[in-house]
Every structure is written in C-alpha cells, then in structure tokens.
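I have placed the structure first, in the form of structure tokens, so that the comments after it can refer back to it.
All chains are named by letter (A, B, ...) in the order of the sequence lines, taking the proteins before the strands, and each is independently numbered beginning at 1.
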2 protein chains.
Amino acid sequence: MKTQSSIRRMTRQRRLLLDTLDRKNWHPTADEVYRIVKMKAPRVSLGTVYRNLDILSKEGVITKIEEAGSQRRYDGNPRPHYHVHCLKCGAIADMPDEAARWLNIPKMELPDFKITGHRLIFEGYCAHCQDKEEMDGKGN
Amino acid sequence: MKTQSSIRRMTRQRRLLLDTLDRKNWHPTADEVYRIVKMKAPRVSLGTVYRNLDILSKEGVITKIEEAGSQRRYDGNPRPHYHVHCLKCGAIADMPDEAARWLNIPKMELPDFKITGHRLIFEGYCAHCQDKEEMDGKGN
DNA sequence: GTAAATGCAAAAACTTTGCAAATTC
DNA sequence: GAATTTGCAAAGTTTTTGCATTTAC
C-alpha cells in the first residue's frame with residue numbers, strides 16, 4: 001500500500017540524516033538535524049535536510065510529528081507510539097510502551113468522517129522545566 | 001489559578017473576534033478569523049487578531065489547537081474535548097461528546113515527567129476529501 | 001487622564017522551491 | 001550515462017513585534 005519509490009539513492013547526506021535520527025527518545029526539529037549532519041558534512045544545506053525529512057516520512061521510514069506546537073519535529077521510529085509533550089519547552093518524549101500498552105482506544109465511528117487512526121499526546125512538564133518552575137513561580 | 005489579568009478592555013475588535021469563534025464545530029486559522037472580522041471592521045490588522053487569539057487562549061477563554069499540522073487553529077470552546085483531523089485538507093472537527101465520553105484514558109505516571117493532561121486526535125478523512133479521493137485515486 | 005489596545009509595517013521564524021552542478025547506481 | 005540529489009539562494013508562509021496613535025474605562 002505504501003509507495004516505496006522515492007528512495008532511490010543512498011547519498012552521504014541521507015545516510016547521515018538517518019544516522020542522526022537513529023537514537024532512542026530523540027525528536028529533533030529540522031534545524032537540529034541540520035546542525036548535526038553539518039558536523040560531518042559541512043556543506044549540507046537546510047533545504048536538503050527538509051527534502052529528505054519529507055521524503056523519508058512519506059516513505060514511512062521516519063515519522064513527522066505535527067503535535068509539538070509551532071515547530072515540526074521528527075522521529076526515527078516509524079512504529080505507532082504515544083508521546084509526551086512539554087508545555088514549557090516544547091520537547092517531545094516517547095511514552096514507554098509498558099506504560100501505554102494497555103490503553104485501549106476503541107475504534108470510533110463518525111457519520112461524516114472516515115477515521116483511520118489516532119494520536120494521543122500526554123502533556124505536562126519535563127524534568128528540566130519542572131525545576132525551572134520552582135524557581136520562576138509558574139512562568140507561562 | 002488562572003491569571004485573569006490581561007483582558008482589560010472589551011474593544012470592538014475583541015468583541016468581533018469572540019463572536020467569530022462562537023460557533024459550533026468551527027476551528028479557523030488566524031487568517032480565517034481575520035477575514036471574517038475584517039468584514040465588520042475593515043481596518044483591523046492581522047497583528048491584532050494574532051495578539052487577541054494569544055491573549056484569549058492564555059486566559060482560557062478559547063483554545064489554541066496545535067495538532068493541525070503547519071498552521072495553527074483556534075477553538076471557541078475552552079472545555080476539554082477531542083478532535084478529528086483531516087489528513088488531506090487539515091480541517092479539524094469536534095469529536096462528539098457522546099462518541100467519546102466513555103473513553104477513559106487513565107492517569108499516567110512517568111518518572112521524569114509531570115503529566116497534567118492529554119490530547120487525543122482521531123485522524124482520517126473528512127466527507128469532502130473522501131469524495132475527492134474517489135476521483136483522484138488516493139492522492140497524498 | 002491613563003493604561004491598554006490598535007494599525008501599520010517591518011522583521012522573525014520556519015519551510016519550500018527553481019535551477020545549474022554534482023553524485024549515485 | 002542518465003536520472004536523482006545536492007547546494008545555493010531566493011521566495012513563500014505563518015507568526016511576532018516596535019512604535020506612534022487611538023480607544024476604553
């Protein structure tokens with residue numbers, strides 16, 4: 001069902017980009033990926049990074065995360081899983097499978113909408129931002 | 001717990017903006033709100049619309065929807081509810097309470113993350129885009 | 001009268017794209 | 001060798017911001 005046609009050539013840049021994303025619980029923005037790939041391929045361009053992130057997520061090799069606020073993030077893990085999202089700094093983390101496996105979201109039916117899946121995002125504050133809260137007195 | 005300090009004055013623009021959002025199952029982008037407010041207040045600026053959407057959502061009077069892909073949407077209904085999201089056109093619709101009320105997402109605990117809530121988005125295709133699919137042969 | 005809010009315009013932030021040159025298979 | 005991919009730079013989109021002026025209370 002999934003077109004596997006776009007990945008034709010494993011360029012150095014593509015390889016580095018995939019390596020970058022191949023890390024647990026890591027959900028970088030395009031710019032973060034760019035900066036890391038750049039260390040080994042200094043002349044890489046942001047455009048190339050965006051193009052590859054787009055191609056790879058269309059292929060289903062990686063996942064594009066749209067729920068993180070204004071800036072898009074990417075996830076090297078294409079298999080369905082849930083995320084937690086820090087409301088203060090925007091960070092995304094994986095919800096451990098063990099914690100969420102038993103969640104059983106039922107199949108929903110709607111008259112005018114064909115539902116094909118769902119996303120569940122837990123919100124709150126990461127360790128780092130919790131600490132800051134204590135000093136700030138609840139900044140917004 | 002919620003600072004109620006920013007809404008100091010009910011300006012004409014603010015009133016019109018709130019009226020615009022006061023409609024069921026309507027999740028406009030800032031630009032859509034702008035165009036509508038503009039009909040009655042032709043000199044309103046997009047900046048004002050953005051500023052008000054921001055203030056009002058911080059007040060908890062409306063909701064900022066971050067899950068709709070690249071463009072942010074807003075919801076006049078501040079009470080927690082679930083959304084459905086069209087993968088083709090980006091539209092957002094409300095999941096009817098009756099359909100989702102019995103969903104019982106348990107309280108989650110994580111070691112390094114303080115979870116305060118969750119968002120659940122059902123994905124699929126709206127009536128309009130389902131029709132288009134049939135003609136297109138599964139566009140992307 | 002005064003603080004808050006607006007309009008305008010410029011800038012910031014993020015993402016996409018055209019095209020000639022380079023690279024992969 | 002041919003088609004894909006890249007780098008570069010320019011442009012597109014969405015959102016934010018500074019500041020003088022206007023407005024609500």
Notebook entry, point to check: Can you tell which of A:Leu16, A:Thr48, A:Leu18, A:Asn52 makes a side-chain contact (heavy atoms from CB on, under 4.5 Å) with A:Val37?
Noted result: A:Leu16

Over how many whole Å does the gap from [X] atom [atom1] to [N] atom [atom2] extend?
| X | N | atom1 | atom2 | value |
| --- | --- | --- | --- | --- |
| A:Arg15 | C:dC25 | CZ | P | 11 Å |
| A:Asp31 | C:dT16 | CG | C1' | 15 Å |
| B:Ile55 | C:dA3 | CD1 | P | 17 Å |
| A:Gln71 | D:dT16 | CD | P | 13 Å |
| A:Glu32 | C:dC14 | CD | P | 10 Å |

Check: How would you list, by chain and number, every residue that makes a ring-ring contact (aromatic ring centres under 6.0 Å, His included) with B:His83, sequence neighbours excluded?
Finding: B:His27, B:His81

Checklist line | For B:Tyr50, all residues meeting side-chain contact (heavy atoms from CB on, under 4.5 Å), sequence neighbours excluded | finding: B:Ala30, B:Leu46, B:Tyr74

Next item on the list: List the protein contact pattern of nucleotides 20-25 of chain D with one symbol per nucleotide (5' to 3'): B for base contact, S for sugar-phosphate-only contact, - for none; contact means a heavy-atom distance under 4.0 Å.
Entry: ---BBS

Item checked: Test item: side-chain donor near acceptor, A:His118 and A:Tyr82, under 3.5 Å -> yes

Check: Near DNA chain D, under 4.0 Å by heavy atom, which residues of residues 34-54 of chain A?
Finding: A:Arg43, A:Val44, A:Ser45, A:Thr48, A:Arg51, A:Asn52

Next item on the list: May I ask you to decide whether A:Glu32 forms a salt bridge with A:Arg73, counting only side-chain N to carboxylate O separations under 4.0 Å?
Entry: yes

Shortest non-hydrogen contact between [X] and [Y], atoms and distance:
| X | Y | value |
| --- | --- | --- |
| B:Thr20 | B:Trp26 | O-NE1, 2.9 Å |
| A:Gln130 | B:Asp112 | NE2-O, 3.8 Å |
| A:Pro28 | A:Val33 | CG-CG2, 3.6 Å |

Note to self: Would you say the rings of B:His128 and A:Phe113 are close, in the sense that their centroids are separated by under 6.0 Å?
What the structure shows: no

Next item on the list: Only pairs at least two apart or in different chains count here, so list each salt bridge (Lys or Arg N to Asp or Glu O under 4.0 Å) that has a residue in residues 17-27 of chain B.
Entry: B:Arg15-B:Asp19

Next item on the list: Quantify the bending of the helix from C:dG1-D:dC25 to C:dC25-D:dG1 as the angle between its end axes, each fitted on five pairs, to 10°.
Entry: 40°

Next item on the list: Can you measure from OG1 (A:Thr29) to CD1 (A:Ile92) and round to the nearest 0.5 angstrom?
Entry: 11.5 Å

Checklist line | Contact under 4.0 Å: A:Arg72 side-chain N or O vs C:dT16 OP1/OP2 | finding: yes

